[in-house]
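I have placed the structure first, in the form of structure tokens, so that the comments after it can refer back to it.
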Amino acid sequence: MSRQAPTLEDVAREAGVSRATVSRVVNGVRNVDPAIQEQVQRAIERTGYAPNRAARSLVTRRAETIALVVSGAGGGPEESQEAFAARVFADPFFGRVVAGVVGFLRPRSMHPVLMFAESADDRHEVLTYLRQGRADGALVVSTHPDDPLPTLLAAAHLPSVLFARPTPPVPLSYVDLDHRDGGRLAAQRLLERGCRRPATVAGPLAVPASQERLAGFRDTMARGGHPYVPVAEGGFTLDSGIAAMARLLAEHPDVDGVFAANDLMAQGVCQLLRERGRRVPDDVAVIGFDDSGIALSCRPPLTTVRQPVEQMAAEMARLLDQHIRGERTEATSVVFDPELVVRETA
């Protein structure tokens, strides 16, 4: 005969408190004495009680689900959602975002639902999903500067937090990095190494983060006596890094230092240099950006500018939780500082 599942009454007897007190702890009511909360939590562990999510949602009026939306303006009518998803997850950046979000949500018994929104129909689906209360709010990672979703979410007054400063500006909270300072750190490192013919593989120049990284790099190089720095635009992919480095070598064969605006492109830069018989870092120093897992698997291990993506994603989730609970009503921004991580390529 199967054992009956533990109830709130069982937890209350074990903890020596009322059923109402146990219910308040389980439903996350904030005005419960911390000592009593701990007492109830220990009783829950001893009894093996698991809250009924449906019943809890009726009490809290929350789905306890968060929409994690990867959104863009689309890759053209010929790109399927499968192709869009494949393009997104080829970049380890997104895996780090998911890890940071899940790390915050899991201890709070909240769960992410992954949604893609690269078309008008997809964006409508996201808005409908939120309006119907199937998710309590949205965490949005935009892949394109012209993404209309942040504006739609703000107009609908739906709880949302963005990864990166939106363009155009909208009254939504966001987390971001001081990208300009990251470019400065890369330039400073190449100058310290004595590089005399620096160049850069920039990210898509329509993307604000790419613009800021490039501006910080150029400004610092100018202060170091290099008023002109060759630029080849890439697309944040391995292949675009290879192609951009090939263009730089064709036009500037004496380049001796390269800053690539993300680690994937830096990996492509190193690969192309090896194929052309250039030694890294003896002939050409290379610096990436992100400090993803690629930085360690690169040959040789990549010197890079660290973007603390996991911490940024967790902060994004924390801000959204505050908005959902009504603890924060105004939009805010949290900007993280980059850090240079020195390995073998520069």
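Quantities reported herein were computed from a predicted structural model and do not represent experimental measurements.
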- Message: Please check this pair: side chain of T345 against backbone of V286, looking for a donor-acceptor N/O pair closer than 3.5 Å.
- Response: yes
- When rounded to the nearest 0.5 angstrom, what is the spacing between NE2 in H226 and CZ in R218? 14.5 Å
- Query: From D121 CG over to T128 OG1, what is the distance, rounded to the nearest 0.5 angstrom?
  - Reply: 10.5 Å
- Task: Give the C-alpha distance, both sets of side-chain angles, the deciding distance and a yes or no for side chain to side chain contact (heavy atoms under 4.5 Å, CB included) between V258 and V284.
- Result: CA-CA 7 Å; V258 177; V284 184; 3.9 Å; yes
- Query: Quick one: side chain to side chain contact (heavy atoms under 4.5 Å, CB included) partners of L238, sequence neighbours excluded?
  - Reply: I242, L264, Q267, Q271
- Item | Any side-chain heavy-atom pair of F116 and V69 under 4.5 Å | no
- Query: Linking I/L/V/M/F/W/Y whenever their side-chain heavy atoms sit closer than 4.5 Å, directly or via other members, would V255 and V229 fall into one cluster?
  - Reply: no
- Could you give all pairs that pass the ring-ring contact (aromatic ring centres under 6.0 Å, His included) test and reach residues 276-300, with sequence neighbours left out? none
- In Å, rounded to the nearest 0.5 Å, how long is the span from CZ of R278 to CG of L249? 5.0 Å
- Nearest heavy-atom approach of I287 to A346 is CG1-CB, 3.5 Å
- Item | Minimum heavy-atom distance A261-R213, with the two atoms named | O-NH1, 2.5 Å
- Message: For the backbone of I44 and the side chain of T47, can you confirm whether one donor and one acceptor N or O come within less than 3.5 Å of each other?
- Response: yes
- Query: Distance from Y174 atom OH to M316 atom CE, nearest 0.5 Å?
  - Reply: 14.0 Å
- Message: Closer than 3.5 angstrom, by distance alone: can the side chain of T21 be matched with the main-chain N or O of V17 as a donor-acceptor pair?
- Response: no
- Item | Steps toward side chain to side chain contact (heavy atoms under 4.5 Å, CB included) verdict (V140, L149) | CA-CA 9 Å; V140 181; L149 184 60; 4.2 Å; yes
- Message: One thing to verify: whether E45 and R42 come together as a salt bridge, which I'm taking to mean a side-chain N less than 4.0 angstrom from a carboxylate O.
- Response: no
- Hey, what else clusters with V341 if you join Ile, Leu, Val, Met, Phe, Trp, Tyr whenever side-chain heavy atoms sit under 4.5 Å? none
- Mind listing the closest non-hydrogen atom pair of G235 and M265 along with its distance? N-SD, 3.8 Å
- Message: Within the 4.5 Å heavy-atom criterion, are M245 and L248 side-chain neighbours or not?
- Response: yes
- May I ask you to test the T143-S71 pair for a side-chain heavy-atom distance under 4.5 Å? no
- Would a 4.5 Å heavy-atom cut-off, applied to side chains only, mark V126 and D122 as touching? no
- Message: Show every salt bridge (Lys or Arg N to Asp or Glu O under 4.0 Å) that has at least one partner inside residues 333-346, sequence neighbours left out.
- Response: D291-R343
- Cluster question for you: counting only ILVMFWY and a side-chain heavy-atom cut-off of under 4.5 Å, with indirect links fine, are L152 and V70 together? no
- Would you check if R123 and E118 make a side-chain contact, meaning some heavy-atom pair closer than 4.5 Å? no
- Task: Identify whether V98 and L319 are in the same connected component of the hydrophobic contact network (ILVMFWY, side-chain heavy atoms under 4.5 Å).
- Result: yes
- Hey, are the side chains of T65 and P112 touching, using non-hydrogen atoms and a 4.5 Å cut-off? no
- Query: Taking a hydrophobic cluster as the set of Ile, Leu, Val, Met, Phe, Trp and Tyr residues connected by side-chain heavy atoms closer than 4.5 Å, whether directly or through intermediates, do V305 and V97 fall within one such cluster?
  - Reply: yes
- Query: Which residue pairs satisfy the salt bridge (Lys or Arg N to Asp or Glu O under 4.0 Å) criterion with at least one member in residues 261-276, sequence neighbours excluded?
  - Reply: none
Let me check something: any side-chain donor-acceptor pairs from residues 155-172 under 3.5 Å, sequence neighbours excluded? List them with distances.
residue : atom : partner : partner atom : Å
S160    : OG   : L158    : O            : 3.0
T167    : OG1  : P145    : O            : 3.2

- Message: Test your reading of the model: is there a side-chain donor-acceptor pair from R106 to the backbone of H111, 3.5 Å cut-off?
- Response: no
- Task: Could you tell me whether R318 and D321 make a salt bridge, using a distance below 4.0 angstrom between a side-chain N and a carboxylate O?
- Result: no
- Query: CD1 of I66 to CG of L114: how many Å apart, nearest 0.5 Å?
  - Reply: 13.5 Å
- Task: Could you give me the CA-CA distance, side-chain angles and deciding distance for D136 and L130, then say whether side chain to side chain contact (heavy atoms under 4.5 Å, CB included) is met?
- Result: CA-CA 7 Å; D136 298 312; L130 293 169; over 6 Å; no
- Task: Only counting residues at least two apart or in another chain, list the ones meeting side chain to side chain contact (heavy atoms under 4.5 Å, CB included) with R96.
- Result: D290, S292, R306, V309, E310
- Restricting to pairs with a member in residues 5-16, which pass side-chain hydrogen bond (donor to acceptor under 3.5 Å, both in side chains), not counting sequence neighbours? T7-E9, T7-D10, E9-R19, D10-R13, E14-R46
- For V141 and F93 the tightest heavy-atom approach is CG1-CE2, 4.0 Å
With a cut-off of 3.5 Å and sequence neighbours excluded, list every side-chain donor-acceptor pair involving residues 190-210.
residue : atom : partner : partner atom : Å
R197    : NE   : D254    : O            : 2.7
T200    : OG1  : F259    : O            : 2.7
S210    : OG   : P204    : O            : 3.1

- Item | Exercise: identify the closest heavy-atom pair between H323 and E330 | CE1-O, 3.4 Å
- salt bridge (Lys or Arg N to Asp or Glu O under 4.0 Å) with R299: which residues, sequence neighbours excluded? none
- Message: So D176 and F336, do their side chains get closer than 4.5 Å, heavy atoms only?
- Response: no
- Note on the structure: When rounded to the nearest 0.5 Å, the distance separating CG of L272 from CG of D239 is 11.0 Å
- Message: Checking the side chain of S173 only, and the main-chain atoms of T332 only, is there a donor and an acceptor separated by less than 3.5 Å?
- Response: yes
- Query: Given the rule that I, L, V, M, F, W and Y join up when any side-chain heavy atoms are under 4.5 Å apart, are F104 and V102 in one cluster?
  - Reply: yes
- Residues that D219 engages under salt bridge (Lys or Arg N to Asp or Glu O under 4.0 Å), provided they are two or more places apart: R180
- Query: Quick one: side chain to side chain donor-acceptor pair (under 3.5 Å) partners of Q322, sequence neighbours excluded?
  - Reply: R328
- Message: Between T304 and G288 (side chain of the first, backbone of the second, donor and acceptor by atom type, cut-off under 3.5 Å), is there such a pair?
- Response: yes
- Quick one: closest heavy-atom pair of Y129 and A135, and the distance? CE2-CB, 3.6 Å
